[in-house]
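Data block below; observations after.
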Amino acid sequence: MLILKGKFLISKFLAPLGAALMVLALAWMGSEQVQAAPQRQPAPDAVATEFYGWYLDTLAADQDPLSDRHATFNNYVARELTARLVERLNTRLVGGRVPDTDYFLQSSGYRSDWRRHVAATTVRQSGAGADVIVTLGGEEGAKRVLALAMVLEAGSWKIRQVVLAEARPAGSSPDPSTI
């Protein structure tokens, strides 16, 4: 049997219940604001720059980015491209042929100055796709310019395709003069 004496019921039961309800209401409103805040992913050119820095460092450490660092590789490369590269590699190895060029460098090797000089620029971004130009190499050495097609996959920009845009030997001018 409940006996009401003074403000016992209010102070012992209703005050803590009210405080708990207020905390829950504030937490609910706070979670709505947190969910409403958009997650900002890095720009496509920032992802490309980060990828090529990591990729060249991995090669310099005499590791294979696809097999030795597969989890990190998947952070940068679209699933479709990864599947194509694995299939192509398996087909060549079964046939006894080693790939003659690196897909991401579009070259049979790399220069050490490429690791120190990686620059990327987004030239087009539309919806879930972007085109990025990556330049490997500094002013004094040979440069390699690559065109990347990138796709927004699971909230992150990933490389979908790489093609050679320009290869310039050391000592050549970007604007050759005509005679």
Polar side-chain atom of [X] near backbone of [Y] as donor-acceptor pair, under 3.5 Å:
X: Thr122; Y: Asp45; value: yes
X: Tyr55; Y: Pro65; value: no
X: Arg144; Y: Leu105; value: yes

Using 0.5 Å steps for rounding, measure from the [atom1] atom of [X] to the [atom2] atom of [Y].
X: Arg160; Y: Leu81; atom1: CZ; atom2: CG; result: 9.5 Å
X: Leu59; Y: Asp64; atom1: CG; atom2: CG; result: 8.0 Å
X: Ile159; Y: Gln161; atom1: CD1; atom2: CD; result: 11.5 Å
X: Thr121; Y: Asp131; atom1: OG1; atom2: CG; result: 12.5 Å
X: Thr135; Y: Leu146; atom1: OG1; atom2: CG; result: 8.0 Å
X: Glu80; Y: Lys158; atom1: CD; atom2: NZ; result: 12.5 Å

Tell me the closest heavy-atom pair linking [X] and [Y], and the distance in Å.
X: Trp157; Y: Ala43; value: CD1-C, 4.2 Å
X: Lys143; Y: Gly138; value: CE-O, 3.3 Å
X: Val118; Y: Gly53; value: CG2-N, 4.4 Å
X: Val132; Y: Ala120; value: CG1-CB, 3.9 Å

Hey, does [Y] have a side-chain heavy atom less than 4.5 Å from the side chain of [X]?
X: Phe51; Y: Val77; answer: yes
X: Asp102; Y: Ser107; answer: no
X: Leu136; Y: Leu56; answer: yes
X: Val145; Y: Val134; answer: no
X: Gln41; Y: Leu152; answer: yes

I would like to know whether Trp114 and His117 meet side-chain contact (heavy atoms from CB on, under 4.5 Å); could you show each step before the answer? CA-CA 5 Å; Trp114 291 358; His117 299 94; over 6 Å; no
Relative to the ring of Trp54, is the ring of Phe73 parallel (under 30°), tilted (30 to 60°) or perpendicular (over 60°)?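 It falls in the tilted class, 30° to 60°.
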When you compare the side chains of Asp57 and Tyr52, does any donor N or O come within less than 3.5 Å of an acceptor on the partner? no
Between Asn75 and Thr72, do the side chains contain an N or O donor and an N or O acceptor separated by less than 3.5 Å? no
Less than 4.0 Å between a side-chain N and a carboxylate O, is that true for Arg79 and Glu153?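 Answer for the salt bridge query: yes.
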